[in-house]
Amino acid sequence: MKAKKSVGFIILDVFYIVMAILPLAFGLVLDILTTPKSGGGVTIAGARIYYELELFEGTRFFNIIISEAQVNSVLVILTILFACLFLTHGLKEKIELKRQHLAEIIVEKVDALVSENMGRDFSGFPPFIIAIMALSGLSSLLALLGLYPPTSDISIVGGWAILVFALITYYKLKCGPIYYAKGFLQPVFILAPINIIGEFATPVSMAFRHYGNIMSGSVISVLISAFLAWASNLVFGAITSLPILQVGLPAIFSLYFDIFSGCLQAFIFAMLTMLNISTAFDADEYYRRKKKKLEKKLKK
Amino acid sequence: MELAIGIILGCCALGAGIAMIAGIGPGIGEGNAVASACEAIGRQPESKGAVTTTMIMGCAIAETTGLYALVIAILLIFVAPNTFVNVLQKAKELGLF
């Protein structure tokens, strides 16, 4: 049985779809307008800077920079937002629309993943995990459109890693600051400096793993296409100046470096987020302290 | 001045090459991990899903050291030469040598 959609419903649907596609189109237009004309060859550079606000003279360290990576990441956020609005539009208890199946599958899978990896203490985490996963995955897949993937900029991935680090510290502090400080003196007090370095190594390694994977993929893609241009010039140079060998072959490598690597890194980033946060929380100690507090209250 | 710039460029390239020796470690480590995972799946085919997920996680973590080396090598090739040459030129302008 298929329910009939009202006109307003369809208009809202179309609005959501258009709004989900519009940011990507805007990114493409911006990319085309701002790309400087290059004479070919190998160019490997970071994200282009659209706007720079100088705060202190003489040093660039404190400047507020709006770069391509930041703009693209905001565009990805907008796309995800409207895609989610589209998927959840017209949710009913009795399923009427096909998209509700998709939405339910996603939610159920993420719920199962989080409860399997984090346990029942973290039942509020699935939205955060799927948000990180979708943001990271779609950001990496942006390379398929020819846009600069935000995940190959360390400042974007570093921001996510700092967010995860804040969450880790929050869950470590749940058992009180004294217990948290004591954790650094384990197993012997001499190891405290190493423990502190290890604490900061977590976000650094998370950021570098994601950024290194995506960036190395794009560097290798550029090198491969440059090599193919050189090779086709060598082979077909007498006939035509078109780089014939560049057709098709880079797409096969892109299959691995852009699609597989991008999705895998999104999964791994989300997985490590879950594992780090759930191991940071000492559930036994937390419930012991809670029980103690309750007993004290009851005695009064 | 030209000699100094030449030494900087050459040493940056050499450093990048030496840094990538670290690629051996993750190679061996990931090979071991995948070999063990294959054995485990061969012994218990029904646990394929769990083993694969764990193996991919382990591989990603083993890869980290290799990626550190890669990031350092890329910095040495694309970023460091410019920075060092700029520093050198500034030092010469100031009359340090």
Side-chain angles (χ1 to χ4, degrees), chain A residues 42-47 58-61 109 112-114 116-117 133 136 151-155 157-158 161 198 201-223 257 260-276 278-279, chain B residues 9 12-13 15-31 33-34 37 46-87 89-91 93-94:
Chain A
V42 187
T43 48
I44 295 166
T59 169
R60 277 191 77 204
F61 189 75
K109 285 265 186 257
L113 189 72
V114 170
E116 185 187 325
N117 286 307
M133 222 190 258
S136 162
T151 36
S152 65
D153 190 325
I154 183 84
S155 50
V157 190
T202 313
V204 169
S205 80
M206 279 176 82
F208 269 96
R209 180 178 301 121
H210 199 312
Y211 149 81
N213 264 299
I214 306 296
M215 190 199 50
S216 67
S218 57
V219 168
I220 291 170
S221 299
V222 169
L223 289 179
F257 286 119
F260 178 72
S261 185
C263 295
L264 188 67
Q265 286 311 313
F267 176 69
I268 285 167
F269 195 87
M271 218 42 191
L272 283 175
T273 306
M274 287 189 278
L275 293 179
N276 280 331
S278 64
T279 50
Chain B
L9 293 181
C12 281
I18 293 169
M20 283 316 290
I21 293 175
I24 295 172
I28 295 173
E30 282 181 28
V34 177
E46 69 275 5
S47 69
K48 192 180 172 194
V51 169
T52 311
T53 318
T54 317
M55 182 199 74
I56 286 176
M57 280 296 303
C59 280
I61 289 165
E63 218 176 42
T64 312
T65 47
L67 282 169
Y68 288 160
L70 180 78
V71 169
I72 286 171
I74 285 176
L75 285 178
L76 274 175
I77 292 174
F78 294 110
V79 181
N82 276 336
T83 319
F84 287 146
V85 168
N86 280 347
V87 168
Q89 274 164 353
K90 224 164 223 173
E93 276 170 25
L94 292 173

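Chain letters run A, B, ... following the sequence lines, proteins first and then strands; every chain starts at 1. The analysis underlying the following values was restricted to heavy atoms, covering all of them including side chains, and did not include hydrogens, waters or symmetry mates.
- A:F208 CZ to B:L70 CG: the interatomic distance, rounded to the nearest 0.5 Å, is 11.0 Å.
- For B:Y68, the OH atom is densely surrounded, since the number of other residues' heavy atoms within 6.0 Å is greater than 12.
- Between A:M271 and B:T53, some side-chain heavy-atom pair lies under the 4.5 Å cut-off.
- Looking at A:L275, the atoms closer than 4.5 Å to chain B (heavy atoms on both sides) all sit in the side chain, from C-beta outward.
- In terms of heavy-atom proximity, A:G212 sits nearest to B:V71 at CA-CG2, 4.2 Å.
- Annotation: the span from A:R209 atom CZ to B:T64 atom OG1 amounts to 3.0 Å, rounded to 0.5 Å.
- With rounding to the nearest 0.5 Å, the separation of CD1 in A:I268 from CD in B:E63 is 7.0 Å.
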